[in-house]
Chemist: 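Submitted below is the structure of interest, expressed as structure tokens.
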Amino acid sequence: MTTHAPGPERPPGPRGHWLFGNTEEYDRDRNGFLERCHREYGDVFSYDARTIVVSSPDQVHALLARTNKDFLAENSPLAGPVDTERMAADAELWTSTRRVGWQGLHRRVARAHAERLREIFRETVGDGETDVLATMAAFFGRATADFCLSVDAEGVPEALAENVAAIDPLSRSSLQLPPWWPSRRVRRFTRSRERLLALMTEVVRRRRLAGDPSAQDLLGLLLASADRGLSDLQIERFLRGIMLAALGVPATALTWIVYELGRRPDVRARLAAESASAGDVPELEELPYTEAFVKEVLRLWPPTWLIGRTVRRETELGGWRLRPGDQVLFSLYRLHRDSRWWSDPDRLVPERWLDPHVAPARHTYLPFGAGPRVCVGTQLGMMQLTLATSWLVGDMEITGPQEATPDFSGLLVPRDLRVGLRRKVVPRGV
Ligand code: HEM
């Protein structure tokens, strides 16, 4: 690809307010703003002097595939001076832990957790008028703590929930606050993070003392890989990272699933028929339509709808030169609904995933990301969502709202979604 030199240094983009730039308009309606700019400026535009937004599948994929090498992923919701060396060192440490941890998250291990998931689903997803996101967060909080720590999970779901709740208001504002900022929001976040990390330290210490090599959970696997040279600190940080990632995003995805179930009785009937003919804890092969439905909901409503990277070293993307510390963003939501790649893009059509001869165009469907920082929980997450959908339609009558407002300010969530869940009078299989 040719670099635009010696022409303009930056791609065109909206100028915005003379002092605040585009922040105000962006924060008022993030998705609307990005959509308008894409329409007006095309596949690459400047948001401000240090930030570009890309939209074509190849640019998006290049950004993700070249992460760690040319770009860096930042996980903290707090602002700091952009320090690419510190970020690169963090990325290296994380990546070496993730190489080991990956073995504890693949499909076979995920499957071994399915029976426990069923019990947790029964205990957390109850009868009556339901705040869907809160219920699904409780379900995934317990599921992820159990998967990672099994019998040592006591107190962890609560600490996790508090940490997730404290991150939420920080990630909703594009004005990132530094860690020293004297505000309740920042203090609440740092306190909850420290509490969770202290719990992790305690659990790792206890497990090491007990010296029980038989524990069949993620912590057991990480400790058993001591020969790979993982320090306790690495293990604690990795567990926290995994548990946070395995709570908010899947809970949000399941909330969108409930939303679509409420809106589409035709789809729900077909899902219920598949659920009735499958076992209580089925293999995914028994649920092809359910899996297709989950994929389609993740296309329409990807919780991680906006993904960003910091430029690590001088490089180019989409023909534009980038300097260390620049930011690059893309909207997964827009990619998944771009009519250049998808027919009838705004409509839920699970069937589009069932025809083996029709695959999405290259790099147009990335609900789990791609490249070296692709989601490590892809298989576990798909299994959890598919089984939970089958249990929802098998166990429950769902009544309730036809509409909900999508909220793009943090993760993409249906704002304040409430539905009625009522256990079916005749239980499944009877
Ligand atoms: C079920 C729905 C899920 C969805 C839609 C999802 C989506 C994603 C996406 C898009 C990313 C990449 C973000 C980026 O590139 O910046 C990601 C990263 C990640 N996900 Fe998931 N995820 C899901 C479930 C899970 C589960 C169950 C786990 C844990 C077991 C998990 C653990 C992670 C971790 C640790 C990362 C960061 C990876 C890294 O930076 O190296 N996710 N996820």
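Numbers for residues simply follow the sequence, beginning at 1.
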Chemist: Run the numbers on His38 and Val53 for side chain to side chain contact (heavy atoms under 4.5 Å, CB included), then give the verdict.
Modeler: CA-CA 9 Å; His38 187 203; Val53 180; over 6 Å; no

Chemist: Might you confirm whether atom CD of Glu123 has over 12 heavy atoms from other residues, nucleotides or ligands at distances under 6.0 Å?
Modeler: yes

Chemist: Hey, is Glu40 close enough to Arg36 for a salt bridge, meaning N to O under 4.0 Å?
Modeler: yes

Chemist: Can a salt bridge be assigned to the pair Asp43 and Arg340 using a cut-off of 4.0 Å between side-chain N and carboxylate O?
Modeler: yes

Chemist: Would you mind writing out the side-chain donor-acceptor pairs for residues 251-262 within the sub-3.5 Å range, not counting sequence neighbours?
Modeler:
from, atom 1, to, atom 2, distance (Å)
Thr252, OG1, Gly248, O, 2.7
Thr255, OG1, Ala251, O, 2.7
Trp256, NE1, Leu412, O, 2.8
Tyr259, OH, Arg263, NH1, 3.2
Glu260, OE2, Trp301, NE1, 2.9

Chemist: List the steps, then state whether salt bridge (charged side-chain N to carboxylate O under 4.0 Å, His left out) holds for Arg86 with Asp90.
Modeler: CA-CA 6 Å; Arg86 191 265 308 155; Asp90 284 355; 2.9 Å; yes

Chemist: Apply side-chain hydrogen bond (donor to acceptor under 3.5 Å, both in side chains) to the pair Asp407 and Ser409, showing each step before the final yes or no.
Modeler: CA-CA 6 Å; Asp407 180 351; Ser409 52; 2.6 Å; yes

Chemist: side-chain contact (heavy atoms from CB on, under 4.5 Å) with Leu64: which of Arg309, His363, Arg373?
Modeler: Arg309

Chemist: Does the distance from a Lys or Arg side-chain N to an Asp or Glu carboxylate O, for Arg299 and Glu296, drop under 4.0 Å?
Modeler: yes

Chemist: Where is the tightest heavy-atom contact between Leu117 and Ala143, given as atom of each residue plus distance?
Modeler: CD1-CB, 3.6 Å

Chemist: Are Glu35 and Arg30 within salt-bridge range, i.e. N to O under 4.0 Å?
Modeler: no

Chemist: Angle between ring planes, Phe408 versus Tyr333, binned at 30° and 60°: parallel, tilted or perpendicular?
Modeler: perpendicular

Chemist: Could you go through Leu421 and Glu397, starting from their C-alpha distance and side-chain angles, then the distance that decides it, and tell me whether this counts as side chain to side chain contact (heavy atoms under 4.5 Å, CB included)?
Modeler: CA-CA 6 Å; Leu421 294 179; Glu397 308 281 1; over 6 Å; no

Chemist: Could you walk me through whether Met243 and Leu149 pass the side chain to side chain contact (heavy atoms under 4.5 Å, CB included) check?
Modeler: CA-CA 10 Å; Met243 289 195 291; Leu149 308 171; 4.2 Å; yes

Chemist: Does atom CG of Asp29 have more than 12 heavy-atom neighbours, drawn from other residues, nucleotides or ligands, at distances under 6.0 Å?
Modeler: yes

Chemist: Are the side chain of Asp355 and the backbone N or O of Arg352 linked by a donor-acceptor pair below 3.5 Å?
Modeler: no

Chemist: Treating Trp305 as the side-chain partner and Gly410 as the backbone partner, does any N or O pair qualify as donor plus acceptor under 3.5 Å?
Modeler: yes

Chemist: Please confirm whether the backbone N or O of Gly128 pairs with a side-chain atom of Thr130, one donor and one acceptor, at under 3.5 Å?
Modeler: yes

Chemist: May I ask you to check if Arg10 and Trp320 form a cation-pi contact, with NZ or CZ under 6.0 angstrom from the six-membered ring centre and within 45° of the axis?
Modeler: no

Chemist: Do side-chain atoms of Gln234 reach the backbone of Ser231 as a donor and acceptor pair under 3.5 angstrom?
Modeler: yes

Chemist: Using 4.0 Å as the upper bound for N to carboxylate O, is an ion pair formed by Arg312 and Asp70?
Modeler: no

Chemist: Under the side chain to side chain contact (heavy atoms under 4.5 Å, CB included) rule, collect the residues that match up with Glu286, sequence neighbours excluded.
Modeler: Ala278, Pro282, Glu283

Chemist: Under a 3.5 Å distance rule, please check whether Thr51 uses its side chain to pair with a backbone N or O of Tyr47 as donor and acceptor.
Modeler: no

Chemist: With a 3.5 Å distance limit and no angle check, can you tell me whether Thr97 reaches the backbone of Leu93 through a side-chain donor-acceptor pair?
Modeler: yes

Chemist: CD of Glu85: more than 12 outside heavy atoms within 6.0 angstrom?
Modeler: no

Chemist: Salt bridge (charged side-chain N to carboxylate O under 4.0 Å, His left out) between Arg107 and Glu285: does it pass, once the steps are laid out?
Modeler: CA-CA 13 Å; Arg107 191 166 173 164; Glu285 289 71 25; 3.0 Å; yes

Chemist: Taking the ring centre of each residue, are Trp353 and Tyr365 less than 6.0 Å apart?
Modeler: yes

Chemist: Can any side-chain N or O of Thr95 pair as donor or acceptor with the backbone N or O of Ala91 at less than 3.5 Å?
Modeler: yes

Chemist: Rounded to the nearest 0.5 Å, what's the gap from CE on Met87 to CD on Glu92? Could you check?
Modeler: 13.5 Å

Chemist: Working note: Arg118 + Asp395, criterion salt bridge (charged side-chain N to carboxylate O under 4.0 Å, His left out); need CA distance, chi angles, decisive distance, verdict.
Modeler: CA-CA 12 Å; Arg118 180 56 166 137; Asp395 296 357; 3.0 Å; yes

Chemist: Looking only at non-hydrogen atoms, find the nearest pair between Leu298 and His336 and report the distance.
Modeler: O-ND1, 3.5 Å

Chemist: Charged N to carboxylate O under 4.0 angstrom, Glu162 versus Arg191?
Modeler: no

Chemist: Looking at side-chain heavy atoms only, is the closest gap between Tyr289 and Val294 below 4.5 Å?
Modeler: no

Chemist: With side chain to side chain contact (heavy atoms under 4.5 Å, CB included) as the criterion, how do Asn163 and Phe189 come out once you've worked through the C-alpha distance, each side chain's angles and the decisive distance to 0.1 Å?
Modeler: CA-CA 6 Å; Asn163 200 194; Phe189 167 70; 3.9 Å; yes

Chemist: Taking all heavy atoms of Phe293 and all of Val267, pick out the closest pair and write down the distance.
Modeler: CD1-CG1, 3.7 Å

Chemist: Does Arg188 offer a backbone N or O that forms a donor-acceptor pair with the side chain of Ser192 under 3.5 Å?
Modeler: yes

Chemist: Evaluate whether atom CD of Glu202 has more than 12 neighbouring non-hydrogen atoms of other residues, nucleotides or ligands under 6.0 angstrom away.
Modeler: yes

Chemist: Short question: side chain of Ser150, backbone of Asp146 - any donor-acceptor pair under 3.5 Å?
Modeler: no

Chemist: Between the side chain of Arg337 and the main-chain N/O of Leu300, is any donor-acceptor distance below 3.5 Å?
Modeler: yes

Chemist: Could you give the distance from CD (Gln103) to CZ (Arg98), rounded to the nearest 0.5 Å?
Modeler: 13.0 Å

